[in-house]
Every structure is written in structure tokens, then in C-alpha cells.
Amino acid sequence: MSFPVDRIALSLLLLACVILAGLNWLQDHPEDNPWAPLTLDEQPGWATGRKLAALRADLVACRAFLDRSGLPNRPLPPEGAGACRREDRGPLLLPDATLKPQRAEATCAVDAGMAFWLRHVVQPQAEAMFSSPVIRIEHLGTVNCRRIGNGAKGAWSEHATGNAIDVSAFVLANGRRVEVKRDWKGGVDDAAFLHAVRDGACGSFSTVLSPDYNAAHADHLHLDQARRTGGWKACH
Ligand SMILES: [Zn+2]
């Protein structure tokens, strides 16, 4: 008579063991654990993209990510009006590298995306290809109150709210300078580096537009954190 009860107890025990093993595994693999808070040191994994995407819609969570990652996080008061109203603004600061021009403001999501891209894509690529880290990122700007294509009509650019950055060149510790405009189809190493960091940016940003997209992007990589329904990305 006790046989069925024993079988049920054994099944429950096995189930508990499986759940416990799964929870232990998730604890050791935060990159595959959607509930583990994202950190800058987390190796990109199955859940990382979703966690980065969640930061775009949640300013409190985004700023907590910057805090956890040891990145200076000094929000500035809101500014601007209408489509160019910026509720979410702060000085853009990078881990292990400087910006040129040095002063730039951006949304928290751009800050987080740049930090993650630098740590997990740009620096590993620079070390692997040139044996030297990137110490400076040159850019053409972040905030610009304008519509896409600078026209009088049409959708507003993500630059209108500082939710984008145009990266134009990378300067390495060994003095090498890799420029989007000159090197996109230039020397083999420089072109390969630029294409690799462009491809890798899609993991950290919702939009990546390069010289492959159109002539308007011949001299920079446009990286933005547009919020889109369904979470689809534009990587060109
Ligand atoms: Zn742009």
C-alpha cells in the first residue's frame, strides 16, 4: 500500500534536486540568469541583451547599474522643451578611456551601453588586434535638437534627447588612431577592427548605423538606445 506514496515522495525529491541544481547553476552564471542584476563585469550571455534592453526603459535600474559598476553617476536636472525635453541627462563618462570632445551629455542608457561595449567588445578587440587598449574615443556629438536627416518634417532623431552618440575614431595607448571615415575601407587591420566593433555594438545598443548604412554615416558609427516595441534592433 505504501508503494505509490514512496514513488510520489521520490519524484518530489528528484524534482527538488533538479530545481536546486538549476538555481545553483544560475547563481554561477549571472549572464544566463535574467534575475541577476547586470554588472559591467558580467560576460555577455543569454540573458545579457534583455537586461541591457531593460535599462532603456527603467532609469532607476539604469542608474543602479552604473552605481554597481563603479561608474560615476551624476544626473543633471532636466532641460529643454517639447521633443527635445531631456528628463534623463548626465555627463557621459567611460571606463578606462576618455572622450574627445571631453564634455558630452547623454542618457543613462547610452552611458551604460558605451560602458558595456567598451569593456566587452572594443577593448578585447583592440588588445587582440593591436596589443594595446583604447584610451580615447573621439565623437561628433550626443545631444542635437533635430529631426532625422536634419529636415523640417519627420521623426525626431534620438540625438534630440541625448539618447545617441556618433563615434568617429578610436585612439590606442600605443598611439595608433583608427578613424571611421579613413579606415572603414582602409588598411586590413584597421578596417577589420572597425567592422568588429560595429558588429559588437549591436549587443549594447538598439540602433547601430555605420558607413555600410548610407553616405550620411560615412564618417561615424551612430549608436542609440531607441525604445522599440518588440525589442527589435537596427544593426547596419
Ligand atoms: Zn547619430
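Counting from 1, the numbers follow the sequence of the chain as shown. Just follow the structure's listing: the first ligand is 1, and inside any ligand the first atom is 1.
Among the atoms of His217, no N, O or S atom falls under 2.8 Å of the Zn ion (ligand 1). Residue contacts to the Zn ion (ligand 1): His220 brings no N, O or S atom closer than 2.8 Å. One of the N, O or S atoms belonging to Asp166 lies under 2.8 Å away from the Zn ion (ligand 1).
The N, O or S atom of His222 with the smallest distance to the Zn ion (ligand 1) is ND1. Shortest distance from the Zn ion (ligand 1) to His159 is reached at NE2 (N/O/S atoms only).
The neighbour count for Arg50 CZ, taken as heavy atoms of other residues, nucleotides or ligands under 6.0 Å away, does not exceed 12.
Contacts of Phe130 classified as ring-ring contact (aromatic ring centres under 6.0 Å, His included), with partners at least two apart in sequence or in another chain: Phe193. Contacts of Phe116 classified as ring-ring contact (aromatic ring centres under 6.0 Å, His included), with partners at least two apart in sequence or in another chain: His120.
Ring geometry, His220 versus His217: the interplanar angle falls from 30° to 60°, so the pair is classed tilted.
Looking only at distances, a side-chain donor or acceptor of Ser132 sits under 3.5 Å from a matching main-chain atom of Ala173.
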